[in-house]
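Written out below as structure tokens is the structure these notes cover.
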Amino acid sequence: MATLVLTGAGNVELTRRILSDLFVVPELAGTLRVVLHDIDRERLDTAHALADRLNAEAGAGAAVEAHTDRRAALSGADFVVCQLAVGSFEATLRDFEIPARYGLRQTIADTIGIGGIFRGLRTIPVLVGIAEDMVQCCPEAWLLSYTDPLVMALWAAREATGLRNIAGLCHAVRDTHAFLADAVGRDVDEVSFRTAGLPHQAFVLEFAADGRSLYPDLADAVAADPRLARHVRTEMWRRFGYFPTESSEHAAEYVPWFMRRDDEIDRLGIPVGEYLGRVGQNLHRYEEIRRGLAAGRPMLIRWRDPEIASEVLQAMLTGVPRRINVTVPNTGLIPALPADCFVEVPATVGARDVRPEPVERYPVQLAALNRTYVNVAELTVRAVLDGDPEHIRHAAMLDPNTAATLPLTTIAELCDEMAEAHRGLLPAVLTERTAKGGA
């Protein structure tokens, strides 16, 4: 049996989607050992009850077990799917409320920006710990991570441990392809796409059908529908020439031009603080699943499109290849971006293998924009791996939205207050104030 570990399994909505997809695949019947791990016992028990119910409803014949001990869970794993939120709702709330007092607006705060930096600071040590345990307990296993900030966490985990098989997963590329196909009146299977860049800041480099680009068709669709024009990523496409994969609320906070301006927020309908609502919805869905289990309601779900992890795992387990965008080390895949960072590129996923496609002719303007993101990611990684709290300030000073909104002295004060507020979740060395450049 192949052993699949879901760490952070208390995210029961994602656990439900992944297992629902896999348990109904005929070729996988009786072949899976599913191990659930979470540090929250109540959520782990809920995930265990959910997995048992899904297994029974699908007749999957899987072996299901659960552990709060991470090394016990990882022992003998073939695949590890990571879906963590370090600090949960309370930490996320601080990521928004403290910067807001300084006049700094955010929407999602999970990738870069001041919220992304501090999410990275508390997440990187945990993902590095998982990777260290994998090197000891299952060195050949694949780590497939949804955990944001993807670039920071994966970059640090690979550098710190040398874990060989590691990739990040995100829905944005697939969702964008579906959006673009629909916008021009095409079925997504009729369209040829090639998309690459960074997770949450990739671009559709090829959008074509019938031997021609569909970008002119998209321009006609936008001209015909004013609602399509009032989006950040439509504006980014107009200015940079390629459509970005991330939603407008994400895209707005990675650049300096939108979040600090009331008129742009109104013009483009940018939802300030939106992620707090999403977290609240996740808490509601958790309670709904608990109530459904207690009431004996069916839990197996069937979606038109499988979860991204399910697609990858099905290809790896069955050997039937699929072309999927994944986030992997930049081993020359996009030469215009730093070699050590992680990039999102198309890949052929097959039997326990990921073969990424190089994107050698990456537009220079996109690489330049991506590097402003990589600067923040790299400095956050260095803050944790080098134990240097001054790099927290460096990351914030070079972050596009933070730098466009606040002066240097205020950025330093904000970093100090954020570090103190997150003290219990950060490595001790990162909560120490430094004399250099101090406020």
Side-chain angles (χ1 to χ4, degrees), residues 1-38 44-83 130 133-146 163-169 174 289 293 298-324 326 347-355:
M1 300 181 87
T3 295
L4 166 63
V5 177
L6 301 181
T7 183
N11 179 353
V12 291
E13 182 66 21
L14 186 57
T15 295
R16 182 186 188 189
R17 292 178 67 103
I18 293 170
L19 295 184
S20 289
D21 289 340
L22 295 178
F23 282 172
V24 299
V25 177
E27 296 90 337
L28 300 182
T31 70
L32 290 176
R33 172 177 172 251
V34 176
V35 182
L36 308 171
H37 169 259
D38 205 286
L44 181 61
D45 289 345
T46 301
H48 196 176
L50 173 63
D52 283 341
R53 178 75 59 81
L54 296 171
N55 192 23
E57 289 179 21
V64 179
E65 58 191 79
H67 297 276
T68 54
D69 182 274
R70 190 169 69 202
R71 289 178 67 88
L74 292 172
S75 180
D78 296 293
F79 308 97
V80 179
V81 176
C82 180
Q83 42 181 328
I130 290 171
D133 286 349
M134 288 180 65
V135 169
Q136 295 297 316
C137 300
C138 50
E140 300 303 317
W142 272 94
L143 174 59
L144 304 172
S145 181
Y146 283 94
L163 185 68
R164 290 189 294 275
N165 298 326
I166 185 169
L169 308 176
R174 186 175 70 182
I289 288 175
L293 287 167
M299 288 287 115
L300 193 69
I301 52 177
R302 296 174 185 265
W303 299 89
R304 176 184 174 187
D305 296 314
E307 182 60 43
I308 297 294
S310 309
E311 282 197 278
V312 171
L313 289 165
Q314 188 172 338
M316 287 184 165
L317 288 163
T318 65
V320 178
R322 295 184 183 217
R323 190 170 184 261
I324 305 168
V326 295
T348 300
V349 181
R352 303 196 183 210
D353 183 40
V354 174
R355 286 170 285 160

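Reckoned from all heavy atoms, side chains included, excluding hydrogens, waters and symmetry mates. Quantities reported herein were computed from a predicted structural model and do not represent experimental measurements.
The shortest distance between side-chain heavy atoms of Leu313 and Leu28 does not fall below 4.5 Å. Side-chain contact between Val64 and Leu54 is absent, with no heavy atoms from C-beta onward closer than 4.5 Å. Taking the side chain as every heavy atom from C-beta outward, Val354 and Trp142 approach each other to under 4.5 Å. Between Phe79 and Leu317, the closest side-chain pair of non-hydrogen atoms falls below 4.5 Å. Between Val34 and Phe23, the closest side-chain pair of non-hydrogen atoms falls below 4.5 Å. The side-chain heavy atoms of Ser75 and His67, taken from C-beta on, include no pair separated by under 4.5 Å. Within the 4.5 Å cutoff, the side chain of Gln314 has no heavy atoms near those of the Val320 side chain.
Ala2 and Arg352 get closest at one heavy-atom pair: CB-NH2, 4.1 Å. Minimum heavy-atom separation, Ala77 to Ala141: O-CB, 3.3 Å. Heavy atoms only, all atoms of each residue included: Gln83 and Leu6 are closest at NE2-CB, 3.9 Å. The shortest heavy-atom contact between Ala51 and Leu19 is CB-CD1, 3.7 Å. Considering every non-hydrogen atom in both Leu50 and Arg16, the closest pair reads CD2-CB, 3.7 Å. Minimum heavy-atom separation, Val80 to Met134: CG2-CE, 3.8 Å.
Of the possible polar contacts, none joining the Arg70 side chain to the Asp133 backbone as a donor-acceptor pair under 3.5 Å is found. Without hydrogens or angle criteria, Thr15 side chain to Val12 main chain gives no donor-acceptor distance under 3.5 Å.
Note that the CG atom of Asn11 and the CD1 atom of Ile18 stand 8.5 Å from one another [nearest 0.5 Å]. Annotation: the span from Leu143 atom CG to Asn165 atom CG amounts to 9.5 Å, rounded to 0.5 Å. Taking OG1 of Thr348 as the start and CZ of Arg322 as the end, the distance is 12.5 Å to the nearest 0.5 Å. Atom-to-atom distance recorded for Leu144:CG and Ser310:OG is 10.5 Å, nearest 0.5 angstrom. The CG atom of Leu163 lies 9.5 Å from the CD atom of Glu140; values are rounded to the nearest 0.5 Å. Taken to the nearest 0.5 Å, the NE2 atom of His48 stands 12.0 Å off from the CG atom of Leu293.
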Kindly list each side-chain donor-acceptor pair under 3.5 angstrom involving residues 55-62, sequence neighbours excluded, with atom names and distances?
residue: Asn55; atom: OD1; partner: Gly61; partner atom: N; Å: 3.3
residue: Asn55; atom: OD1; partner: Ala62; partner atom: N; Å: 3.0
residue: Asn55; atom: ND2; partner: Ala62; partner atom: O; Å: 2.8
residue: Glu57; atom: OE1; partner: Met299; partner atom: N; Å: 3.1
residue: Glu57; atom: OE1; partner: Leu300; partner atom: N; Å: 2.9
residue: Glu57; atom: OE2; partner: Met299; partner atom: N; Å: 2.9

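Annotation: salt bridge (Lys or Arg N to Asp or Glu O under 4.0 Å) contacts of Asp21 (sequence neighbours excluded): none.
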